[in-house]
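What follows is a set of notes on a single structure, which appears directly below.
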Amino acid sequence: VIIVGVLASEAYGKGEDNQEIVIDEFAGIMVTFFLVPHHWALWVLGFLLFRFFDILKPFPISYLDKNIKGGLGVMADDILAGVFANAIIHYIWLPYIHKALF
């Protein structure tokens, strides 16, 4: 999805982050939920965290948004927002995983 998104964003949007391009959001959500256990509370948390990082764009997400151009630039900020959201979910969920395993 990420590779297709970079190529499609480059071709369709001429490298600009157009409102009509949504594959970047889809890829970011996919990254958010990568290896996240199936639980409704984690789905809600993941969605809210992803939207938080995607809308506010704290550093370094804002850096990618402003400095990387083309299809990669369209995708990069959403991918990193997904990475941040995913990391927070795993940090929160880690004690439960550890307790279940040991």
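Since we're looking at a predicted model, the values are computed, not measured.
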Run the side-chain contact (heavy atoms from CB on, under 4.5 Å) check on M30 and I2 step by step: do they pass?
CA-CA 10 Å; M30 287 182 66; I2 293 170; over 6 Å; no
Looking at [X] and [Y], would you say the former's side chain and the latter's main chain have a donor-acceptor pair under 3.5 Å?
| X | Y | answer |
| --- | --- | --- |
| D65 | D77 | no |
| K66 | Y63 | no |
| D78 | A27 | no |

Let me see the working for V36 and W93 under side-chain contact (heavy atoms from CB on, under 4.5 Å), right down to the final yes or no.
CA-CA 9 Å; V36 171; W93 197 251; over 6 Å; no
[X] and [Y]: same hydrophobic cluster, using ILVMFWY side-chain contacts below 4.5 Å?
| X | Y | value |
| --- | --- | --- |
| V44 | V31 | yes |
| L7 | V74 | no |
| F34 | L45 | no |
| I29 | V22 | no |
| L35 | L80 | no |

Rounded at 0.5 Å granularity, tell me how far [atom1] in [X] sits from [atom2] in [Y].
| X | Y | atom1 | atom2 | value |
| --- | --- | --- | --- | --- |
| I79 | L72 | CD1 | CG | 9.5 Å |
| E25 | R51 | CD | CZ | 5.5 Å |
| L48 | W43 | CG | CH2 | 14.5 Å |
| Y12 | I23 | OH | CD1 | 13.0 Å |
| M75 | I21 | CE | CD1 | 9.5 Å |

Which is it for T32 and L49 under the side-chain contact (heavy atoms from CB on, under 4.5 Å) test, yes or no, and what are the steps along the way?
CA-CA 9 Å; T32 297; L49 285 169; 5.9 Å; no
Over 12 foreign heavy atoms within 6.0 Å of CG, L56
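Atom CG in L56 is packed in, count exceeds 12.
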